[in-house]
Amino acid sequence: MNVYKIYLDQLTQLLFNFKSDNNLTFDFNEILTKLTLEPPKSLDHGDMSTNLAMILSKYLSLKPIQIANMFIGYIAKLPGVDEVNVAGPGFINIKLTEKTWNSCLKSILSNEKKWDATDLGNGKKINIEYISANPTGPLHAGHTRGAVFGDALASLLKEVGYEVTKEYYINDAGSQIDKLVNSALLRYEECLGKKIKEIPEGLYPGEYLKEVGQKLVEQFGSDLKSNEPSKVSELVRQVSLDVIMKIIRNDLLRLGIEMDVYTSEKEIISGSLLEKTLSILEDKDLIYKGILDPPKGTKPKNWEEREQLLFKSSNFGDDTDRALKKSDGSWTYFATDMAYHLDKINRTNGNLINVLGADHIGYISRINAAVQALSDGSISIDTKVCSLVNLLEDGKPVKMSKRSGNFVTLSDIIDAVGKDVIRFIMLTRRNDQSLDFDFKKVTEKSKDNPVFYVQYAHARCNSIFKSANVLEKDLLADNFSNLTTKEEIELIKFISLWPRSLELAAKNHEPHRLCYYLIELSSLFHSLWNKGKDDQSFKFIIDNNKKLTNSRLCLVKAVAMTIRKGLKILSIEPVLEM
RNA sequence: GGACGCGUAGCUCAGCUGGAUAGAGCAACUGCCUUCUAAGCAGUAGGUCAGAGGUUCGAAUCCUCUCGCGUUCACCA
């Protein structure tokens, strides 16, 4: 029951009739893609506004205003329409009757679950890969934003009907794993009683590896190293990864995140996917041996001109072709990542989303190229880049030192401010904007803190039900014709915008829009609440008027419901009391 | 030097894939608590949308160039 959709359908019908009545030849579908019915910026312009006349102007070679005047008579006759007028360069503004809005509220309350249903996703499959942090240590501050963003986007897409797979790629191969193994072995020796002065530069110094050392002693005793070196390293690798991935999963759970699929890089390498990938690319003549030009400008110090196996990613808009094999003959990260993306394409049978940190921005175009090449352009991949988060404590930067292993972990942040605060604040900025996360501000109980502001609105709704001595669930939808004040109608209008906001957020892959919607809804509600302070007649509970009280409480219920819908998508618990 | 992103009120940021007079919060100033939570609300003031061109009925939004900030730049992951 999306009002905007209902009237857009009616407009489409009018347009269709107009076209056939006048034997016009314009491309109907082309017009439809441009046709909009939107809430105007200013409420003075009515409830909805369409660009119908402006887009037709080109095809009919008439001025927009002339065309608009041809339509307004028809639009005015549509059910529920109060006024229609032409304004500005040719907008057609439509004002709906109070009754229409009253019945909107009714249908919202009587279809709590379905009123914002949409067919946007329509069961289409989509795979979203996020976090994918190296399994060499616990998640830290830098991973938090991508984790929250990816997770919110995933549930947003699920909400609008996509079949979503949430995926974590475990980089359990490559040189950082060798470092991990060596670091763990030191902890193993330490656990056996050997004194470790300091973890050497280049290895992982974090305390969490002590647990790995301990586990190794428990499982293999003191003679682990009597095995063949390759076997030792494999055993240590497995135990280390087990321990660390358990820590990571547990931290994610505390943040409210459960991934559907964990895929191992090592398994991609040892399986047949790499060969498959190469043969697909070879068939398309996209692989060759060649010499890359050094990067323009500053030349890397140890640049070595060398023939290597290359993928023609420049055919697909990348700046240069990309290497598939390292100088030691092993596959590059990119080569296995291509195979991994082929794997995702095959499993998903739908579009892909990757969530990356800003430091990987240079990597995007080659992955786009790979996906395009491997899917013959049939699969689209949208890479969302999350910019830096500046951790602050009352305006001053929190010091982090990776070298000592003394960085702020995700777990620390959850301990300090809680999951709900992290999730909301991380989404109060567009993903490509950098964000300040101030430990003091985000826990402040003031209007300056959006989490608090929205939660307070929800708690206030609940407190009103309490004062009225009713249970929210017992409030029943009525015809609501007694809700007539400007403020009440405006609130209903804004709630009616929810399905539209949801769809736009999903379409654009921008979950932050939900936060802004919730903040604005809360603001409208706080505003109306306070109006009752100045003028008793605006109070929700009117002592000698049961019917009006019921209607107003229902409006409050609709606010609470909508806030909960939004918070649920963000995986944030609504608060009942503060 | 190349690539990508960003540049909107004093500060922090929205701006609905091109719409009407560019919007919030903070800070500043002025009001509102015997009342459903003042942890809030109302009002005032604040703008060359970095700059210059272009595209069209119409540009903060799209294109080109310039300036500034950030990330990144064979073989790492």
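Proteins come first, then strands; the chains are lettered A, B, ... in the order of their sequence lines, and each starts at number 1.
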Which whole-number value in Å describes the distance from [X] [atom1] to [N] [atom2]?
{"X": "A:D448", "N": "B:A24", "atom1": "CG", "atom2": "P", "result": "17 Å"}
{"X": "A:Q433", "N": "B:A14", "atom1": "CD", "atom2": "C1'", "result": "10 Å"}
{"X": "A:I367", "N": "B:C4", "atom1": "CD1", "atom2": "P", "result": "18 Å"}
{"X": "A:Q455", "N": "B:G40", "atom1": "CD", "atom2": "C1'", "result": "16 Å"}
{"X": "A:L392", "N": "B:C26", "atom1": "CG", "atom2": "P", "result": "19 Å"}

Among [options], which is the nearest nucleotide to the side chain of [X]?
{"X": "A:S327", "options": "B:A3, B:C75, B:A38", "value": "B:C75"}
{"X": "A:S463", "options": "B:A74, B:A38, B:C36", "value": "B:C36"}
{"X": "A:Y456", "options": "B:U35, B:A39, B:C76", "value": "B:A39"}
{"X": "A:T332", "options": "B:C26, B:C75, B:U17", "value": "B:C75"}
{"X": "A:W529", "options": "B:C41, B:A77, B:C36", "value": "B:C36"}
{"X": "A:I464", "options": "B:A14, B:U37, B:G40", "value": "B:U37"}
{"X": "A:D359", "options": "B:G40, B:A74, B:U72", "value": "B:U72"}

Applying the Watson-Crick and G-U wobble criteria at under 3.5 Å, what pairs with [N]? Answer none if nothing qualifies.
{"N": "B:U72", "result": "B:G2"}
{"N": "B:G18", "result": "none"}
{"N": "B:C36", "result": "none"}
{"N": "B:C49", "result": "none"}
{"N": "B:C41", "result": "B:G31"}
{"N": "B:C62", "result": "B:G54"}
{"N": "B:C67", "result": "B:G7"}
{"N": "B:C13", "result": "B:G23"}

Within the structure shown, what part of the strands sits under 4.0 Å from [X] by heavy-atom distance: base, sugar-phosphate, or nothing?
{"X": "A:K447", "value": "sugar-phosphate"}
{"X": "A:G532", "value": "base"}
{"X": "A:F465", "value": "nothing"}

Seminar exercise, completed: Only one of A:N545, A:N550, A:T549 passes side-chain contact (heavy atoms from CB on, under 4.5 Å) with A:K547, and that residue is A:N545
Exercise. Is the backbone N or O of A:S523 less than 3.5 Å from a side-chain atom of A:H526, with the two atoms forming a donor-acceptor pair by type?
Worked result: no
Exercise. Roughly how far apart, to the nearest Å, are B:C13 and B:G53 at atom C1'?
Worked result: 29 Å
Please write out each protein N/O paired with an N/O of nucleotides 18-21 of chain B under 3.5 Å, distance rounded to 0.1 Å.
from	atom 1	to	atom 2	distance (Å)
B:A20	OP2	A:K41	NZ	2.6
B:A20	N6	A:S49	OG	2.6
B:A20	N6	A:N93	OD1	2.8
B:A20	N1	A:N93	OD1	3.1
B:A20	N1	A:N93	ND2	2.9

For this session: Check if the side chain of A:R513 and the base of B:C16 share a donor-acceptor pair of N or O atoms closer than 3.5 Å.
Result: no
Problem set entry | Under-3.5 Å donor-acceptor pair between A:Q536 side chain and B:U35 base | yes
Exercise. Taking OP1 and OP2 of B:A42, is either one under 4.0 Å from a side-chain nitrogen or oxygen of A:S527?
Worked result: yes
Problem set entry | Test side-chain contact (heavy atoms from CB on, under 4.5 Å) applied to A:E159 - qualifying residues, sequence neighbours left out | A:D116, A:L502, A:I569
For this session: Establish, yes or no, whether a centroid distance under 6.0 Å links the rings of A:Y517 and A:F494.
Result: yes
